[in-house]
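A short worksheet on the structure shown next.
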2 protein chains.
Amino acid sequence: MIGQRVTRQRTAIGALLDGLGDFRSAQQIHTLLAERGEDIGLATVYRTLGAMATAGEVDSLRTGTGESLFRRCARPSTHHHHLVCRSCGRTVEVQGPNLESLVRSIAAEHGFTDVEHTLEFFGTCQSCASAR
Amino acid sequence: MIGQRVTRQRTAIGALLDGLGDFRSAQQIHTLLAERGEDIGLATVYRTLGAMATAGEVDSLRTGTGESLFRRCARPSTHHHHLVCRSCGRTVEVQGPNLESLVRSIAAEHGFTDVEHTLEFFGTCQSCASAR
DNA sequence: TTGCAAATGAGAACTACTCTCTATAGCGAC
DNA sequence: GTCGCTATAGAGAGTAGTTCTCATTTGCAA
């Protein structure tokens, strides 16, 4: 997993993420764990999710309101983007345009290095739209 | 400008943004105003920038750390993206790929509506790279 | 079984932002 | 010019989300 030790907390967080298809906030994950009877500190949830995101084991993104969302992705290593429902978090992986060459050319053109990009799509999914 | 009244505060914020090419946070703008002798409340800076962003008078984006940055753009109405230096905020407007048709097709494919997208580039500019 | 560093948890702290409420001040009418 | 209405401003409290601190616990190699 992340560090060197396998703990009850990390195992529980990993297991929860495996059974969860959609993006969830750290707070939601904390609540879901509590509902499963896993009493894990919020700080530990944040720490673990952060470490997993750094290790590339989960994908993370930020909503327009500044909240971080996490999700275990089917294809963690390959580059992809997400279409996320802004009300329920339902997530679809989408194959974005290939931006690698664009990134390289704009970086070179303007003398920038270490250029990263963020591309995410937010919308309202069918069931949330009809629920309204 | 935004609402109906022209106030000292709004004029000062507008003038500052005009002389500023790069993305700045609300807090930085507040500090810059104070350095110019404009004693304007932080809440007013936030309110004004928020209103300007809603009105399309300034562009806003969020950094990876969840901070909102603001900038008066050369082409406010036309759709464009930004390459932003993560240490000094230096900004270049870039012509991104045309995502409109992609957005429409993925929205239709997955039954999503009101789909928006965010695409920003963050890097290190030449002077910040050599300063290190 | 022991020792020790990694990991946890509770709660304080922090950051960025928003709200509340009273005072101030644009600006159209006179 | 001045009056009056009400949009706007400012101070400071409040909020949400996240991170830090530090004492305690625990995984795991020896």
Requested in this report: Could you state the atom-to-atom distance from CG of Leu49(B) to P of dT18(C) in whole Å?
Outcome: 11 Å
Query - Sugar-phosphate only, base, or nothing, as touched by Ser68(A) at under 4.0 Å among non-hydrogen atoms - result: sugar-phosphate
Query raised in the report: Does Arg47(B) make a side-chain N or O approach to OP1 or OP2 of dT20(C) shorter than 4.0 Å?
Result: no
Query raised in the report: Closest to the Arg5(A) side chain: dA5(C), dA9(D), dT18(D)?
Result: dA5(C)
Report summary line: From CZ of Arg8(A) across to C1' of dC28(D) the rounded distance in Å is 18 Å
Query - Contact check, side chains of Ser60(B) and Ser68(B), non-hydrogen atoms, under 4.5 Å - result: no
**Report entry** N or O in side chain of Thr7(B) less than 4.0 angstrom from dA7(D) OP1/OP2
**Finding:** no
Requested in this report: Side chain of Thr48(A) only, please: which of dA9(D), dA16(C), dT8(C) is the nearest?
Outcome: dT8(C)
Requested in this report: Could you please name the option among dT8(D), dG12(D), dT8(C) that lies closest to any side-chain atom of Ala43(B)?
Outcome: dG12(D)
Query - Beyond-backbone contact of Arg90(A) with Phe112(B), side-chain heavy atoms, under 4.5 angstrom - result: yes
Report task. Let me know the distance between CG of Leu42(A) and P of dA7(C), rounded to the nearest Å. Result -> 19 Å
Query raised in the report: Reckon Tyr46(B) has a side-chain N or O less than 4.0 Å from the OP1 or OP2 of dC17(C)?
Result: yes
**Report entry** Nearest-angstrom distance from the residue atom CD1 of Ile40(B) to P of dG12(D)
**Finding:** 17 Å
Report task. Please state how far atom CD in Gln9(A) lies from atom P in dA6(C), giving the value in whole angstrom units. Result -> 17 Å
Report task. Provide, to the nearest angstrom, the distance between the CG atom belonging to Asp39(A) and the P atom belonging to dT25(D). Result -> 15 Å
Query raised in the report: For the side chain of His30(A) and the backbone of Gly41(A), is there at least one donor-acceptor N/O pair under 3.5 Å apart?
Result: no
Query raised in the report: OP1 or OP2 of dA7(C) less than 4.0 angstrom from a side-chain nitrogen or oxygen of Thr44(A), does that happen here?
Result: no
Query raised in the report: Between Phe23(B) and His82(B), is the ring centre distance below 6.0 Å?
Result: yes
Query raised in the report: Between dT18(D) and Arg62(A), is there an OP1 or OP2 to side-chain N/O distance shorter than 4.0 Å?
Result: no
Query raised in the report: To the nearest 0.5 Å, what is the distance between CD (Gln27(A)) and CG (Leu69(A))?
Result: 11.0 Å
Query raised in the report: When the distance from CD of Gln28(B) to P of dT15(C) is rounded to whole Å, what number comes out?
Result: 15 Å
Query raised in the report: What's the CD-P distance between Gln27(A) and dT19(D), to the nearest Å?
Result: 11 Å
Query raised in the report: The side chain of Gln4(B) lies closest to which of these nucleotides: dT18(D), dC17(C), dA7(D)?
Result: dA7(D)
